[in-house]
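This report refers to the structure that appears directly beneath it.
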Amino acid sequence: SYRAQELPRPAYFEYAVPRDINNLNQIVGYASYHEPAWAARIGYGVYWASPTSVASLTDRDGFANGLAWSGVQSINNNGVMVGEVRYSNESNTRMGVWRNGTWVLGTMFQDAQSSAQTIATRGFGVNDRNEIVGQVEANDGSGWSFLFNRFGYFNDVRIPDSNRLGAVGQ
């Protein structure tokens, strides 16, 4: 039978949101001092290795490397996590992949179909082949979804005559 269980919050954080759980009961999400702080992009990705253990994903790669904020959206059964990160020396948000205790940053794009420059990339889902789906947002207001495949290539996922589409889920 199922039962509800409260998840612990990381120390110093009053607001924590779980976003995904894998088959190993590992949970990911984000936390902040309070909800308005998260809305202002003050917060960090968190990882519940079990329903009773929580850690911020800044412990091994955080403030010393200039991490301004992060958020985790998905975790696969290999423990690979995806989301978004921003470092204090950058104005753009990048897709982040958490592997082996550190953030690996996704690339920024230039839209081949226009002169738009990327202002944000976000990873929303990762499968067990480490393929990632996410969203690109450009400075001209356009956006599109992408698939980052296991061969290291980005594939645009676009719908004709649309300028906003966000891939969600695993």
Side-chain angles (χ1 to χ4, degrees), residues 16-24 26-32 38-48 55-58 60-62 65-170:
V17 177
R19 298 291 299 170
D20 195 23
I21 184 171
N22 66 13
N23 292 336
L24 304 172
Q26 299 168 322
I27 302 166
V28 294
Y30 52 84
S32 190
W38 176 255
R41 295 298 196 224
I42 302 169
Y44 300 99
V46 291
Y47 167 62
W48 289 268
S56 170
L57 297 185
T58 59
R60 290 180 275 176
D61 185 34
N65 292 329
L67 183 67
W69 67 271
S70 63
V72 183
Q73 298 291 336
S74 185
I75 183 170
N76 67 15
N77 292 316
N78 304 316
V80 174
M81 305 171 210
V82 298
E84 54 186 311
V85 298
R86 186 174 60 78
Y87 282 81
S88 57
N89 63 346
E90 297 180 344
S91 60
N92 297 327
T93 301
R94 294 184 186 217
M95 176 185 74
V97 179
W98 181 269
R99 283 192 182 122
N100 303 318
T102 191
W103 283 109
V104 177
L105 294 182
T107 185
M108 303 307 275
F109 299 92
Q110 179 170 353
D111 185 355
Q113 298 177 9
S114 73
S115 62
Q117 296 291 320
T118 303
I119 59 172
T121 56
R122 296 174 182 92
F124 288 121
V126 58
N127 66 20
D128 290 338
R129 294 188 307 188
N130 297 333
E131 296 170 322
I132 300 166
V133 294
Q135 180 188 31
V136 175
E137 185 178 336
N139 63 351
D140 66 358
S142 66
W144 58 94
S145 299
F146 66 82
L147 166 67
F148 183 74
N149 66 34
R150 63 183 186 212
F151 305 109
Y153 297 106
F154 281 95
N155 300 96
D156 286 350
V157 180
R158 298 186 193 220
I159 295 175
D161 301 321
S162 71
N163 75 353
R164 284 247 180 247
L165 179 65
V168 178
Q170 181 168 309

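The figures that follow rest on heavy atoms only: side chains count, while hydrogens, waters and symmetry mates do not. Note that the numbering runs from 1 along the sequence shown for the chain.
- Residues Phe124 and Gln135 form a side-chain contact, since some pair of their non-hydrogen atoms from C-beta on lies under 4.5 Å apart.
- Side-chain contact between Asn130 and Asn76 is present, with heavy atoms from C-beta onward closer than 4.5 Å.
- In this structure, the side chains of Val97 and Val80 come closer than 4.5 Å at one or more pairs of heavy atoms.
- Atom OH of residue Tyr30 and atom CD of residue Gln73 lie 7.0 Å apart, to the nearest 0.5 angstrom.
- In this structure a side-chain-to-backbone donor-acceptor pair under 3.5 Å is present from Thr121 to Met95.
- Contact of the Ile21 side chain with the Ile27 side chain is registered, since non-hydrogen atoms from C-beta on lie closer than 4.5 Å.
- Residue Ala31 comes nearest to Val46 through the heavy atom pair CB-CG1, 3.7 Å, listed as atom of the first residue, atom of the second, then distance.
- In this structure, the side chain of Asp128 engages the main chain of Asn77 through a donor-acceptor pair within 3.5 Å.
- Within the 4.5 Å cutoff, the side chain of Gln26 has no heavy atoms near those of the Trp48 side chain.
- Atom-to-atom distance recorded for Trp98:CH2 and Ser70:OG is 7.5 Å, nearest 0.5 angstrom.
- The backbone N or O of Ile75 lies less than 3.5 Å from a partner atom in the side chain of Asp20, making a donor-acceptor pair.
- Here the side chains of Arg122 and Glu137 are in contact, with some heavy-atom distance below 4.5 Å.
- Minimum interatomic distance between Tyr44 and Trp69 (heavy atoms only, all atoms of both residues): CE2-CA, 3.8 Å.
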